[in-house]
Amino acid sequence: MKILLVGSGGREHALAWGLAQSDQCSALYCAPGNAGTEECAERVDIGAEDVDALVNFAKEKVIDLVVIGPEAPLVLGLADRLAEENIRAFGPSAAAAALEGSKGFMKDLCAKYNIPTASYGRFTDLVEAKKFIAALKEKNTDAPIVVKADGLAAGKGVIIAATEEEAIEAATDMLSGDSFGAAGNEIVIEEFLDGEELSYFALADGKTILPLTSAQDHKRAYDGDQGPNTGGMGAYSPAHLITPELEEKIISRIIEPTVAGMAAENTPFTGVLYAGLMIVNGEPQLIEYNARFGDPECQPLMMRLQGDLLEILLAGAEGRLEDVRDQVSWSEQTALCVVMATEGYPGSYPKNTPIKGTERADQIGGVKVFHAGTGKNEEGALISTGGRVLGITALGDTVEEACKTAYRAVDMIDWPDGFCRRDIGWRALETSEAAE
Ligand code: AMP
Ligand code: GLY
């Protein structure tokens, strides 16, 4: 089979690595890919958001399956365009990707199908928004108020406002178009959920779901969960909070009713459902949905997956997930990914800085160095081209072991312009220390 994988991040390198292991994979293209995907896929110089060029390429090469990594092409309707050309795609239609692309759509679906989530209101009018903020404050004076831009805002569209004034300011900025442009034309204001976060992944083929596994991300830039929000500075899987009971609740109360609800609304969901959850006193509440794998969560997931990724995603795209249910299993080991980013990220940062030592680090047993923002200079040497640059991922029998191995590999990388967090997995490590 000829596969086209769309995207250029660490998630896509991990997916390329997984897809290339399938016996069925005869050709793998990655558009646009990175220096890391070159080990297993041919790079194609088409941006992930250039829908016309991607469709033309898929037609020209007679691609059998297009795997769509990031959210932007989904929201732009790449899966719909491919369907019109009778090309199989793994990833939801634009209408179904609204689960990620519109927070208001997601919240209304939850309300209609009784999916547990924070209480909320949707607003385009500031006067109404202010009234709702005042009412939330009256209900609980001590709790922060959460203000969200409705549309995609690259993970930055959420303000946790400590005071009523701050909440009003955030709502004002968003609705005026100042902070997030059109993504903030509508806002969602919601109650603050106090608990610990966990991500859960499931595949859906429009009607059937195939539960995958859990992970925990680290969104802040610096150690101790300090500093600005990022796309994710590290992740590990499984999440330490997960138990069979909690997993059962997540599936039956959140994932299943979502997929059934989407089908009932005539927007059946095909692809990866990534549920961002808050676990409040042992009970899962949905914070957000993403319509794709997480980055960097995908890297540990792919290290733990046992089964043929290509067959699994193909079955998803063809509406026959039931056929592969028995093929999906997970290593009992923990996988942990440490992201190395360019100094300055998530703000501005230099590009084209030299990186050495990735190949040596990759040779450590149980380690895989996934690339994100990397390229090669004219001499063919590895350079950074983005903010998040490497995802050093290791397997271990325990989270301690995975963590130790991952950082041993990190320490072999010679990249003066890079930095990473030193505490990935800290919640799990603290819990396991406390248990000893
Ligand atoms: P989102 O983009 O919706 O995932 O929000 C980004 C982050 O904001 C989440 O990962 C949470 O840490 C936090 N957050 C969002 N909504 C809430 C909420 N209702 N209560 C508490 N924290 C929240
Ligand atoms: N790591 C967070 C995300 O992929 O959205």
Side-chain angles (χ1 to χ4, degrees), residues 7 9-12 14-15 69-72 74-75 97 99-107 110 116-121 132-133 136 139-140 142-162 167 170 174 180 183-184 187-201 214-221 225 228-237 239 272-280 283-302 337-339 341 346 370 372 387-388 391 393 421 424 427:
R11 164 183 52 215
E12 284 74 28
L15 291 172
E71 62 276 22
L74 294 170
V75 171
L99 267 186
E100 169 163 7
S102 165
K103 297 201 188 291
F105 174 89
M106 180 285 255
K107 297 295 283 189
C110 288
T117 190
S119 65
Y120 73 106
F132 191 79
I133 291 170
L136 274 181
K139 215 170 109 189
N140 186 345
D142 295 334
I145 292 170
V146 185
V147 184
K148 302 183 173 181
D150 182 76
L152 291 183
K156 300 189 185 86
V158 176
I159 303 288
I160 312 281
M174 284 182 194
F180 302 108
I187 59 174
V188 169
I189 300 176
E190 62 185 47
E191 157 204 35
F192 180 77
L193 297 170
D194 199 4
E196 187 174 334
E197 283 180 67
L198 176 157
S199 304
Y200 193 83
F201 299 85
S214 63
Q216 195 169 47
D217 191 11
H218 298 62
K219 289 210 168 92
R220 300 296 194 101
D225 291 335
N229 260 323
T230 70
M233 293 299 291
Y236 69 97
S237 170
V272 185
L273 254 190
Y274 157 0
L277 304 161
M278 190 73 84
I279 310 305
V280 186
E283 303 296 321
Q285 298 262 352
L286 181 66
I287 300 177
E288 64 158 354
Y289 265 132
N290 296 307
R292 51 172 175 83
F293 279 111
D295 189 344
E297 294 94 320
C298 187
Q299 291 83 313
L301 255 58
M302 290 305 119
C337 173
V338 178
V339 169
F370 292 115
R388 292 189 296 167
T393 313
R421 277 181 62 162
I424 300 306
R427 283 197 175 82

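Scope of the values below: all heavy atoms of this structure, side chains included, with no hydrogens, waters or symmetry mates. Numbering of residues begins at 1 and proceeds along the displayed sequence. In listed order, ligands and their atoms are each counted from 1.
Looking at Glu191 against ligand 1, only its backbone comes within 4.0 Å, counting heavy atoms. When non-hydrogen atoms are compared, ligand 2 lies under 4.0 Å from the side chain of Glu297 (C-beta onward) but not from its backbone.
Although no hydrogens or angles enter the test, the distance criterion places no donor-acceptor pair under 3.5 Å between the side chain of Arg388 and the main chain of Gly10.
Residue Val158 has no nitrogen or oxygen atom sitting less than 3.5 Å from a nitrogen or oxygen atom of ligand 1, judged on distance alone. Annotation: Gly232 places no N or O atom under 3.5 Å from an N or O atom of ligand 2; distance criterion only.
A heavy-atom distance below 4.5 Å is found between the side chains of Lys103 and Val158. Side-chain contact between Pro70 and Arg11 is present, with at least one heavy-atom pair separated by less than 4.5 Å. Residues Ile287 and Lys148 are in side-chain contact: their nearest non-hydrogen atoms beyond the backbone lie under 4.5 Å apart. Looking at heavy atoms from C-beta onward, Gln285 lies out of side-chain contact with Leu277 at the 4.5 angstrom threshold. A 4.5 Å side-chain heavy-atom check between Asp225 and Arg421 finds at least one atom pair inside the cut-off. Contact check for Pro116 versus Leu286: no side-chain heavy atoms found under the 4.5 Å cut-off.
For ligand 2, the atoms lying closer than 4.0 Å to a non-hydrogen atom of Gly294 are 4 (O). Those atoms of ligand 1 that come under 4.0 Å of a heavy atom in Lys103, given as number and element, are 2 (O), 3 (O). For ligand 1, the atoms sitting less than 4.0 Å from at least one non-hydrogen atom of Glu190 are 16 (N), 17 (C), 18 (C), 19 (N), numbered in the order shown with element in parentheses. If you number the atoms of ligand 2 from 1 as listed, the ones under 4.0 Å from a heavy atom of Asp217 come out as 1 (N), 2 (C). Short contacts between ligand 1 and Phe192, defined as distances under 4.0 Å to a heavy atom of the residue, involve ligand atoms 20 (N), 21 (C), 22 (N). Residue-ligand proximity, Met278 to ligand 1, at heavy-atom distances under 4.0 Å covers atoms 21 (C), 22 (N).
In this structure, Phe293 falls outside the shell of residues with a heavy atom less than 4.0 angstrom from ligand 2. At a 4.0 Å cut-off, not a single heavy atom of Ala235 sits close enough to ligand 2 to count as contact.
Smallest separation of non-hydrogen atoms from Tyr236 and Ala239: CE1-CA, 3.8 Å. Considering all non-hydrogen atoms of both residues, Thr393 and Phe370 come closest at OG1-CD1, 3.5 Å.
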Inset, instruction - For Lys219 and Glu197, run side chain to side chain contact (heavy atoms under 4.5 Å, CB included): C-alpha distance rounded to whole Å, both residues' side-chain angles, the deciding distance at 0.1 Å, then the answer. - result: CA-CA 11 Å; Lys219 289 210 168 92; Glu197 283 180 67; 4.0 Å; yes
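Closest to atom 5 (O) of ligand 2 among all protein heavy atoms lies Arg292 NH2, 2.9 Å.
Evaluated by nearest non-hydrogen atom to atom 16 (N) of ligand 1, the leading choice among Glu288, Gln285, Lys148, Lys219 is Lys148. Heavy-atom proximity to atom 23 (C) of ligand 1, evaluated over Leu193, Ile160, Asp194, is greatest for Ile160. Between atom 2 (C) of ligand 2 and the options Gly231, Gly10, Gly9, Ser199, the minimum heavy-atom separation is to Gly231.
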